[in-house]
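Working notes for the structure below.
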Number of protein chains: 2
Amino acid sequence: MLKEQIKSLPHECDDCPIRHRAVCARCDADDLERLEEIKYYRSFQAGQTVIWSGDKMDFVGSVVSGIATLTQTMEDGRTQMVGLLLPSDFVGRPGREGSAYDVVATTDLMMCCFRKKPFEEMMETTPHVAQRLLEMTLDELDAAREWMLVLGRKTAREKIASLLSIIGRRDASLNLRGTKGPLVFDLPLTREAMADYLGLTLETVSRQMSALKRDGVITLEGKRNVTIPDFGRLMDEAGDDSDGGMFA
Amino acid sequence: MLKEQIKSLPHECDDCPIRHRAVCARCDADDLERLEEIKYYRSFQAGQTVIWSGDKMDFVGSVVSGIATLTQTMEDGRTQMVGLLLPSDFVGRPGREGSAYDVVATTDLMMCCFRKKPFEEMMETTPHVAQRLLEMTLDELDAAREWMLVLGRKTAREKIASLLSIIGRRDASLNLRGTKGPLVFDLPLTREAMADYLGLTLETVSRQMSALKRDGVITLEGKRNVTIPDFGRLMDEAGDDSDGGMFA
DNA sequence: CTAAAACTTTGACACAGATCAAACGCGCTA
DNA sequence: TAGCGCGTTTGATCTGTGTCAAAGTTTTAG
């Protein structure tokens with residue numbers, strides 16, 4: 001039943017260490033067999049912590065379904081979200097003992113994990129895994145750098161628009177839709193989580209959401225269900241003409 | 001003479017694609033020979049642009065000496081620095097045509113370059129190159145994420161302290177010194193560049209530098225030469241107890 | 001040595017977003 | 001149905017940083 005649940009999700013390959021991604025085509029039978037031995041699935045409930053910052057991590061893996069966040073916290077409690085993990089995103093760092101971040105499930109979450117030690121050994125002998133991981137890491141780096149621009153230079157309104165456009169785009173691509181025509185999706189984040197992502201307070205997030213709604217840039221059904229009637233308009237609000245690589 | 005100049009710098013290996021780093025030990029004679037064929041050096045004067053955002057890049061490489069910055073710019077001119085390239089840092093992205101950022105030399109700069117196409121081919125057949133590049137990219141990703149916390153949640157004073165501690169630490173490690181005892185170094189950045197890095201205005205940077213000086217956290221000789229009498233104190237000001245991986 | 005340019009400091013004031021506070025709405029459970 | 005809890009909205013006020021302006025300092029050019 002678990003297996004069925006996983007199979008029904010949109011991804012390219014069940015057995016590749018890097019799910020949903022193009023490396024699969026390069027896996028040969030031996031690779032797959034070795035992977036099968038070290039692979040297992042873990043599920044988490046919304047709100048559960050997957051890994052605490054500083055804890056030893058004995059696996060790497062990727063998100064199969066659901067959403068998790070990556071956050072950093074200062075001693076005095078200020079927190080900054082540094083990544084949003086959506087299906088197909090990779091978690092963990094080969095070659096490092098502990099996690100540098102808290103990883104928290106914000107919805108019910110399914111992960112495909114590989115025991116770390118054997119995965120690392122496999123990386124040594126299977127070049128395309130390291131190559132694919134490099135590609136993905138470079139994507140993440142680009143995304144992080146784009147987010148630095150958002151955090152450093154954008155206004156509150158632009159920040160909100162940037163976040164919505166990223167989630168909207170990513171949601172569209174997961175569901176194999178384009179960004180033409182109205183986009184409807186459920187926000188997977190509370191106002192507080194949005195604030196932590198954007199370096200704002202939750203009150204400011206709430207005010208700006210109201211403002212975007214008042215100005216017709218978005219429509220809200222309840223608190224979470226967002227409609228974006230015109231994606232281009234939203235991009236303008238985000239002050240963003242680039243293609244926006246975050247979570248690409 | 002150029003060769004002499006390069007040899008005199010502190011690094012581990014002249015011929016490794018990833019200078020100053022541990023991969024060198026794993027290069028064999030064949031690797032080195034192939035690298036030699038595709039390697040060349042380029043130098044830039046302070047202020048020169050190495051690559052424009054969007055331009056095609058036909059090389060990858062690493063900084064041998066000097067300092068460069070990686071910046072993103074919005075249409076209306078707002079800019080955010082997203083990386084500081086110090087000696088040993090890698091530039092360019094295998095597998096991607098153009099650069100996403102402006103790369104600008106802030107001091108006179110020497111780079112060790114490899115023609116991109118053959119370098120990529122070499123990566124396919126030489127696993128440890130991709131592995132080492134992955135390690136370095138993961139370090140950069142951690143650094144970028146740490147910087148997200150600085151940009152999103154720290155006050156102006158904390159931001160300045162964070163930047164000084166990063167430059168101070170990095171400078172110390174390049175010169176094989178520790179961070180015990182007073183640290184003296186020249187700031188390689190103008191107030192404006194610091195502002196672009198920290199998501200502040202240059203006036204705020206100037207004010208906070210004056211404040212840190214007034215409070216005895218730092219001493220300034222002229223505008224650029226900084227002394228940090230007590231590194232621990234500076235770390236406290238940065239609100240930062242971690243080891244601070246930026247540029248690690 | 002002087003003038004011009006570039007960078008930096010300092011001041012006065014404005015404003016975006018933070019903080020503090022209260023009330024609202026919705027989904028629970030009893 | 002009432003009552004509670006949690007997330008959200010909205011209001012009033014405060015404050016850190018931005019903006020605009022001017023003067024000081026260092027470097028470069030002539």
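The model shown is predicted, which means the values in this text are computed figures rather than measured ones. So that the names make sense, note that chain A is the first sequence line, chain B the second, and so on, each numbered from 1.
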Calculate the interatomic distance between [X] atom [atom1] and [N] atom [atom2]; express it in whole Å.
X	N	atom1	atom2	result
Glu192(B)	dG18(D)	CD	P	13 Å
Asp76(B)	dT19(D)	CG	P	11 Å
Arg157(B)	dG16(D)	CZ	P	12 Å
Glu203(B)	dC20(D)	CD	P	10 Å
Gln208(A)	dT8(D)	CD	P	16 Å
Arg153(A)	dT17(D)	CZ	C1'	12 Å
Leu220(A)	dG7(D)	CG	C1'	14 Å
Leu151(B)	dG16(D)	CG	P	20 Å

Base, sugar-phosphate alone, or nothing: which one does [X] contact when heavy atoms must sit under 4.0 Å apart?
X	result
Leu200(A)	sugar-phosphate
Thr190(B)	sugar-phosphate
Arg224(B)	sugar-phosphate
Gly199(B)	sugar-phosphate

Find out whether [X] and [Y] are in side-chain contact, i.e. whether some heavy atom of one side chain is under 4.5 Å from a heavy atom of the other.
X	Y	answer
Arg96(A)	Met57(A)	no
Asp196(A)	Met194(A)	no
Ser62(B)	Val91(B)	no

From the options dT9(D), dT17(D), dT25(D), select the nucleotide whose nearest atom is closest to the side chain of Ser206(A).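 Within the option list, the nearest is dT9(D).
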
Is Arg207(A) close enough to dT9(D) that one of its side-chain N or O atoms is under 4.0 Å from OP1 or OP2 there?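 Looking at the OP1 and OP2 atoms of dT9(D), neither is under 4.0 Å from any side-chain N or O of Arg207(A).
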
Could you tell me whether the phosphate oxygens of dT9(D), OP1 or OP2, come under 4.0 Å of any side-chain nitrogen or oxygen in Ser210(A)?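 The answer is no; no side-chain N or O of Ser210(A) sits under 4.0 Å from OP1 or OP2.
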
Does the ring of Phe185(A) carry Arg224(A) above it, NZ/CZ under 6.0 angstrom from centre and within 45° of its axis?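 No, cation not above the ring by the 6.0 Å, 45° rule.
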
Let me spell it out: for each of Gly222(B) and Lys154(A), pick the nucleotide of DNA chain C with the closest heavy atom. Which residue's pick is nearer the 5' end?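 Its nearest nucleotide being more 5', the pick is Gly222(B).
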
Hey, can you tell me if Tyr197(B) and Trp147(B) have their rings parallel, tilted or perpendicular (30° and 60° cut-offs)?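 Judged by the thresholds at 30° and 60°, the geometry between Tyr197(B) and Trp147(B) is tilted.
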
What about Arg214(A), does its side chain sit under 3.5 Å from the base of dT9(D) through a donor-acceptor pair?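 Not at all, since no donor on one side and acceptor on the other fall under 3.5 Å apart.
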
Any side-chain donor near an acceptor of the partner, Thr201(A) and Thr204(A), under 3.5 Å: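 Note: Thr201(A) and Thr204(A) side chains meet the donor-acceptor criterion.
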
Using distance alone, with no hydrogens and no angle criterion, decide if Lys154(B) and Ser162(B) have a side-chain donor and acceptor under 3.5 Å apart.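 Yes - a donor-acceptor pair under 3.5 Å links their side chains.
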
Where does the chain A footprint on DNA chain C start and end, counting 5' to 3' with a 4.0 Å heavy-atom cut-off?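 Taking any atom under 4.0 Å from a heavy atom of chain A, the span is dG17(C) to dC20(C).
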
